[in-house]
> 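Dropping a structure here in structure tokens format, bear with me for questions.
The figures here come from the full heavy-atom set of this structure, side chains too, leaving out hydrogens, waters and symmetry mates. The chains referred to below are lettered A, B, ... by the order of the sequence lines, with proteins before strands, and numbering in each begins at 1.
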Amino acid sequence: MNTNFYEQVYEIARLIPKGRVTSYGAIAKSLGAAKSSRMVGYAMRYAGTAHPKVPAHRVVNSSGLLTGKFHFETPEMMEELLAGEGVEVKDDKVVNFKNVFWNPLEEITE
DNA sequence: CGTTTGACTAACA
DNA sequence: GTGTTAGCCAAAC
């Protein structure tokens, strides 16, 4: 299969379980491209155009901050989506980030 | 094909 | 804890 960089990012993003979040850097590391953390976010930018669509709202920065909320249809949608999945969001940040953090490396295990 | 960009991270002040 | 700077790299324009 064509393991495009974007496709890999999307694939992992879809693996994020409900009620859990992860960081861009974590995804980048799972791809073996820890340096390309920005590329992960860059790819997420096209998440809405990707098929199938990816739960970009489950991806936050290393601080658990909803950095990409403004890229959604509405900045508030990201919080709503997370809240709807059981992830509490306070001041644009994920509450108990470490607690809800999901490590893709544990799921990939390849 | 060259330049700009960017939903990041880490390091430093 | 907050602000700024630098490094990073692949895609978009």
> With pairs taken as Watson-Crick or G-U wobble and both distances under 3.5 angstrom, which stems of at least three consecutive pairs involve DNA chain B?
B:2-6 with C:9-13, B:8-13 with C:2-7

> Just to verify, what does A/Glu76 make a side-chain contact (heavy atoms from CB on, under 4.5 Å) with, not counting sequence neighbours?
A/Thr74

> Just jot down the side-chain contact (heavy atoms from CB on, under 4.5 Å) partners of A/Ser30, sequence neighbours excluded, or say none.
A/Ile12, A/Ile27, A/Pro104, A/Leu105, A/Ile108

> Would you indicate whether the side-chain heavy atoms of A/Lys69 and A/Glu79 approach each other to under 4.5 Å?
yes

> For A/Lys93, which residues count as a side-chain contact (heavy atoms from CB on, under 4.5 Å) partner, sequence neighbours excluded?
A/Leu65, A/Asp91

> A/Val54, A/Met78: one ILVMFWY side-chain cluster at the under-4.5 Å cut-off?
no

> Using a strict heavy-atom distance below 4.0 Å, which residues from residues 56-63 of chain A are in contact with DNA chain B?
A/Ala56, A/Asn61, A/Ser62

> When Ile, Leu, Val, Met, Phe, Trp and Tyr are grouped by side-chain heavy atoms lying under 4.5 Å apart, directly or through other members, which residues fall in the same group as A/Phe70?
none

> List the residues meeting side-chain contact (heavy atoms from CB on, under 4.5 Å) with A/Phe97, not counting sequence neighbours, and say none if there are none.
A/Val21, A/Val60, A/Val94, A/Phe101

> I'd like a table of donor-acceptor pairs (distance under 3.5 Å, sequence neighbours excluded) in which one partner is a side-chain atom from residues 41-48 of chain A, with atom names and distances.
none

> Specify the closest pair of heavy atoms between A/Ser36 and A/Phe5, including all atoms of both residues, with the distance to one decimal.
CB-CZ, 3.6 Å

> Check step by step if side chain to side chain contact (heavy atoms under 4.5 Å, CB included) holds for A/Arg58 and A/Glu85.
CA-CA 9 Å; A/Arg58 294 180 188 157; A/Glu85 302 204 339; 2.7 Å; yes

> Which parts of nucleotides 2-13 of chain C does protein reach within less than 4.0 Å, heavy atoms only, written one letter per nucleotide 5' to 3' as B for base, S for sugar-phosphate only and - for none?
-----BBBBBS-

> Taking only residues at least two apart or on different chains, which pairs with a member in residues 25-42 of chain A satisfy salt bridge (charged side-chain N to carboxylate O under 4.0 Å, His left out)?
none

> Which ones in residues 68-96 of chain A lie close to DNA chain B, meaning a heavy atom under 4.0 Å from one of its atoms?
A/Gly68, A/His71, A/Phe72

> Using a cut-off of strictly less than 4.0 Å between a heavy atom of the residue and any atom of DNA chain B, enumerate the qualifying residues of residues 12-24 of chain A by number.
A/Ser23, A/Tyr24

> Look only at the side chain of A/Thr22 and the backbone of A/Trp102, and say whether a donor-acceptor pair between them is shorter than 3.5 Å.
yes

> Is a side-chain donor or acceptor of A/Tyr24 paired with a backbone partner of A/Val59 at a separation under 3.5 angstrom?
yes

> Mind checking whether A/Leu31 and A/Ile16 sit in one hydrophobic cluster, side chains of I, L, V, M, F, W, Y counted as touching below 4.5 Å?
yes

> Check A/Gly84 against A/Lys18 and note the closest heavy-atom contact, atom names and distance.
O-CE, 4.4 Å

